[in-house]
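Quick note: residue numbers are just sequence positions, from 1. Both counts, for ligands and for their atoms, begin at 1 and track the order of listing.
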Amino acid sequence: METYDYIIAGTGAAGLSLAFYLAQSPLKDKKVLLIDKHIKNQNDRTWCFWQNGISDFEDIIYKSWENISFYSSNFTEKINIKPYHYKMIRGIDFYNFVQDFIRKNTSFKWLQADIQHFDSTQKFPILHTNDQKFQTEYIFDGTWNFSENFQKKQDYHYLYQHFKGWFIESKQLIFDAETMHYMDFRVPQKAGEVRFGYVLPFSPNKGLVEFTIFSDNILSKGQYIQELQHYLENILQISDYSIYDEEFGIIPMFDEPFPQSKHPNIISIGTKAGCAKASTGFTFDRIQRHSKQIVENLIKGKKDIQPTFAKKYSLYDSALLNVIHKNRLSSEEVFGRMFQKHPVHRIFRFLDEESSILEDIQIMNSMPWMPFIKAIGQNILRK
Ligand SMILES: Cc1cc2nc3c(=O)[nH]c(=O)nc-3n(C[C@H](O)[C@H](O)[C@H](O)COP(=O)(O)OP(=O)(O)OC[C@H]3O[C@@H](n4cnc5c(N)ncnc54)[C@H](O)[C@@H]3O)c2cc1C
C-alpha cells in the first residue's frame with residue numbers, strides 16, 4: 001500500500017486552496033496526494049468575495065467593482081465600498097492557476113479517482129478508491145456533494161442558497177459596468193424565503209445575471225428560468241440579449257454543524273467543514289482563511305488541526321435563519337435596514353466575523369428586537 005504524509009481528498013475550491021498554501025509553506029516537500037473524481041478543467045462556477053487589500057489570487061481576478069447597488073422597497077442606493085472591492089474569480093482560472101502553481105513548485109502527486117470510503121479503524125487512516133488504497137498521516141476531506149437525503153435534527157435550520165445565472169450579451173448598452181447589484185429585492189417575494197436578483201456586469205453590454213433564493217426547498221429547472229427571465233425582462237428591462245453561458249449552484253446554509261469524522265486525522269475542509277456561512281452562503285473567502293489556518297496548525301505541530309469558527313457568529317447566523325424561516329420579519333427589511341443604517345465597512349466586518357462587540361450591538365440595534373428575541377429564545381430551547 002502506498003503511503004503519503006497528507007492526502008487531499010477532493011480538489012475543488014478547498015482542496016486546491018489547501019494545496020496552494022501548503023506549496024508556499026515549509027511543508028512543501030511533504031509527500032502529498034491530491035485526488036478528485038473530476039479533472040478540474042471546466043468553468044463550472046464563479047466566485048465572488050469582498051476584500052480590503054490584495055488577494056492571493058489577484059492575478060486571476062476577472063473583474064472587481066468599487067460600487068455595489070442595493071434595491072428594496074424602502075431603501076435603494078448605489079454604495080461606494082472603498083477601500084473594499086467586490087472581486088470575481090472564474091472557476092476555470094482558479095483551477096488552472098493553482099494546478100500550475102503546484103506542478104511548478106512541488107512534487108505533489110495527482111490522481112483522478114472516485115473515492116469510496118475512509119478506513120478509520122487504524123492509527124493512520126486509509127483512503128479507498130475503486131481499485132487502490134493509500135495510507136496517510138492526515139486525510140483532508142473536501143469531497144462535498146449536494147444531497148437532500150440526510151438526517152435533520154428538530155429545530156435546526158437547513159436552508160439552501162440556490163441560484164441560476166445567465167451570462168448574457170446584448171447589442172445595446174445594458175449595464176453600468178462599474179456597479180454590481182448585490183441584492184435586488186424587486187423580484188417577487190415568498191414568506192419564509194429570501195429572493196433577490198444579483199448582477200455582475202463585466203462591460204456595458206456583457207454580464208452575469210442571477211436569480212437567487214434562500215429556502216428549504218429546491219425549485220424545478222423551469223421555475224428558475226421563469227424567475228430569471230422575469231427579473232431580466234420585467235425588472236432590469238433587458239429584452240434584447242443572447243445567453244452565452246450559465247451557472248447553477250446550491251450552497252448549504254445550515255446552523256447544525258456538519259458531522260465530522262471521529263478519527264482525529266481525518267480533517268474536513270471547505271463546505272464539509274462548515275465554511276459556507278449559514279446566513280449568507282459566502283464560502284470562498286472563508287475557505288482561504290480556513291486553509292491558511294490548517295497549514296499554520298500543521299507547521300506549529302498542533303494536536304488539534306481543525307480550526308474553529310467563533311461561536312457568537314454561529315448564534316447570530318442561527319437567529320437570522322430562524323427569523324427568515326419562521327417569517328418573523330421579511331429579509332428585505334433585515335438587509336434593507338442593515339444597508340440603510342450602517343457604513344458598508346461595518347457590515348463587511350460583521351459578515352467577515354471580525355466585528356467588535358460594539359459593532360455587533362450597533363447592527364443589532366438597527367433591527368426590531370422582538371423577532372430576534374423570539375428566534376434566539378427558540379434556538380436556545382432546542383436540544
Ligand atoms: C455555481 C456556484 C457559484 C458559487 N459562487 C460563490 C461565490 O460567488 N462566493 C462564495 O463565497 N461562494 C460561492 N459558491 C459556494 C462555494 O464557494 C463553492 O461551492 C466552493 O466550490 C466550495 O468548495 P468545496 O471545496 O467545499 O467544494 P467543491 O469546490 O464543490 O469541491 C468538492 C470536490 O470534491 C470532489 N469529490 C466529491 N466527491 C468525490 C469522490 N467521491 N471522489 C473524488 N472526488 C470527489 C468533487 O469532484 C469536487 O471537485 C458557489 C458555488 C457554486 C456551486
| Is there any N or O on His38 that sits under 3.5 Å from an N or O of ligand 1? | yes
| field | Aromatic plane relationship, Tyr224 with Phe248 - under 30° parallel, 30 to 60° tilted, over 60° perpendicular | value | perpendicular
| Aromatic plane relationship, Phe254 with Tyr160 - under 30° parallel, 30 to 60° tilted, over 60° perpendicular | perpendicular
| task | Using a strict cut-off of less than 4.0 Å between a Lys/Arg side-chain nitrogen and an Asp/Glu carboxylate oxygen, indicate whether Lys87 and Glu58 qualify as a salt bridge. | result | yes
| message | Check this for me, if you would: do Asp352 and Arg289 make a salt bridge, where the nitrogen-to-carboxylate-oxygen distance has to be below 4.0 angstrom? | response | yes
| message | I need the contact type for Ile287 against ligand 1. Using non-hydrogen atoms and a strict under-4.0 Å cut-off, is it side chain, backbone, both or neither? | response | side chain
| query | Where does Lys37 meet ligand 1, judged by heavy-atom distances below 4.0 Å: at the side chain, the backbone, both, or neither? | reply | both
| request: Hey, can you tell me if Phe282 and Tyr182 have their rings parallel, tilted or perpendicular (30° and 60° cut-offs)? | output: parallel
| Can you tell me which residue and heavy atom of the protein come closest to atom 17 (O) of ligand 1, and the distance to 0.1 Å? | Trp47 NE1, 3.1 Å
| query | Where is the nearest protein heavy atom to atom 30 (O) of ligand 1: which residue, which atom, and how far? | reply | Arg45 NH1, 3.4 Å
| field | Shortest protein contact, atom 52 (C) of ligand 1 (heavy atom only) | value | Phe163 CZ, 3.9 Å
| NZ/Lys31: more than 12 non-hydrogen atoms of other groups inside 6.0 Å | yes
| Against heavy atoms of Glu247, which atoms of ligand 1 measure under 4.0 Å? | 1 (C), 3 (C)
| request: Report the nearest protein non-hydrogen atom to atom 6 (C) of ligand 1: residue, atom name, distance rounded to 0.1 Å. | output: Thr46 O, 3.6 Å
| field | Identity and separation of the nearest protein heavy atom to atom 24 (P) of ligand 1 | value | Thr271 OG1, 3.7 Å
| query | What part of Arg286 sits under 4.0 Å from ligand 1 if we count only heavy atoms: the side chain, the backbone, both or neither? | reply | neither
| task | Identify, by atom number and element, the atoms of ligand 1 in contact range of Asp114, meaning under 4.0 Å from any of its heavy atoms. | result | 40 (C), 41 (N), 42 (N)
| message | Can you name the atoms of ligand 1, numbered from 1 with element, that are less than 4.0 Å from a heavy atom of Phe284? | response | 10 (C), 11 (O), 12 (N), 17 (O)
| request: From the options Gly12, Ser268, Ala13, select the one whose nearest heavy atom is closest to atom 23 (O) of ligand 1. | output: Ala13
| said: One thing to verify: whether Asp141 and Lys272 come together as a salt bridge, which I'm taking to mean a side-chain N less than 4.0 angstrom from a carboxylate O. | reply: yes
| message | Using modelled atom types and a 3.5 Å cut-off, is there a donor and acceptor pairing between side-chain atoms of Trp65 and backbone atoms of Ala177? | response | yes
| query | With backbone taken as N, CA, C and O and side chain as the heavy atoms from C-beta onward, which portion of Asn145 lies under 4.0 Å from ligand 1: side chain, backbone, both, or neither? | reply | side chain
| remark: When distances are taken from atom 16 (C) of ligand 1, the protein heavy atom at minimum range is Thr283 CB, 3.5 Å
| Does ligand 1 have a heavy atom under 4.0 Å from the side chain of Phe248, from its backbone, from both, or from neither? | backbone
| request: Evaluate whether atom CE of Met370 has more than 12 neighbouring non-hydrogen atoms of other residues, nucleotides or ligands under 6.0 angstrom away. | output: no
| query | Hey, is Ile251 touching ligand 1 through its side chain, its backbone, both or neither, going by heavy atoms under 4.0 Å? | reply | side chain
| request: State whether the shortest distance between N or O atoms of Lys272 and N or O atoms of ligand 1 falls below 3.5 angstrom. | output: no
| query | Does Ala14 reach ligand 1 with a nitrogen or oxygen that is under 3.5 Å from one of the ligand's nitrogen or oxygen atoms? | reply | yes
| query | Does Phe282 reach ligand 1, in the sense of a heavy atom lying below 4.0 Å from it? | reply | yes
| note | The remaining residues in the hydrophobic cluster of Ile139, counting side-chain heavy-atom contacts under 4.5 Å among Ile, Leu, Val, Met, Phe, Trp and Tyr, are Tyr4, Ile7, Leu33, Ile35, Leu111, Ile115, Phe118, Leu127, Phe134, Ile266
| request: Just grab all the side chain to side chain donor-acceptor pair (under 3.5 Å) pairs involving residues 262-271, residues at least two apart or on different chains. | output: Gln260-Ser268
| query | What protein heavy atom is closest to atom 32 (C) of ligand 1, reported as residue, atom name and distance in Å? | reply | Gly142 O, 3.2 Å
| Any N/O of Asp285 closer than 3.5 Å to an N/O of ligand 1? | no
| task | Check ligand 1 against Gly270 and write out every atom of the ligand that is under 4.0 Å from a heavy-atom position of the residue. | result | 26 (O)
| Purely on distance, is any nitrogen or oxygen of Ile35 under 3.5 Å from one on ligand 1? | no
| Ligand-residue contact atoms, ligand 1 with Ala113, heavy atoms, under 4.0 Å | 42 (N), 43 (C)
| query | Distance only, no hydrogens: is a donor on one side chain within 3.5 Å (strictly under) of an acceptor on the other, for Asp114 and Asn130? | reply | no
| request: Output yes when Glu247 and Lys164 qualify as a salt bridge under the 4.0 Å nitrogen-oxygen rule, no when they do not. | output: no
| message | Out of all atoms in ligand 1, which are within 4.0 Å of some heavy atom of Lys40? Include the element for each. | response | 48 (C), 49 (O)
| message | For the 3.5 Å polar cut-off, considering only N or O atoms, please tell me whether Cys48 and ligand 1 meet it. | response | yes
| message | For Lys312, is the NZ atom crowded, meaning more than 12 foreign heavy atoms sit under 6.0 Å from it? | response | yes
| field | Distance-minimising heavy-atom pair for Lys40 and Tyr95 | value | O-CB, 3.4 Å
| query | What part of Cys275, side chain, backbone, both or neither, has a heavy atom within less than 4.0 angstrom of ligand 1? | reply | neither
| message | For a quick check under 3.5 Å, do Gln223 and Ser220 share a side-chain donor-acceptor pair by atom type? | response | yes
| How close does the nearest protein non-hydrogen atom get to atom 42 (N) of ligand 1, and which residue and atom is it? | Ile115 N, 2.9 Å
| task | Please work out which of the three classes, parallel, tilted or perpendicular, describes the rings of Phe94 and Phe284, given edges at 30° and 60°. | result | perpendicular
| message | Under 3.5 Å between any N/O of Asp36 and any N/O of ligand 1: does that happen in this structure? | response | yes
| Any Gly91 heavy atom less than 4.0 Å from ligand 1 | no
| said: Surrounding NZ of Lys152 (heavy atoms of other residues, nucleotides or ligands, distance under 6.0 Å), is the total greater than 12? | reply: yes
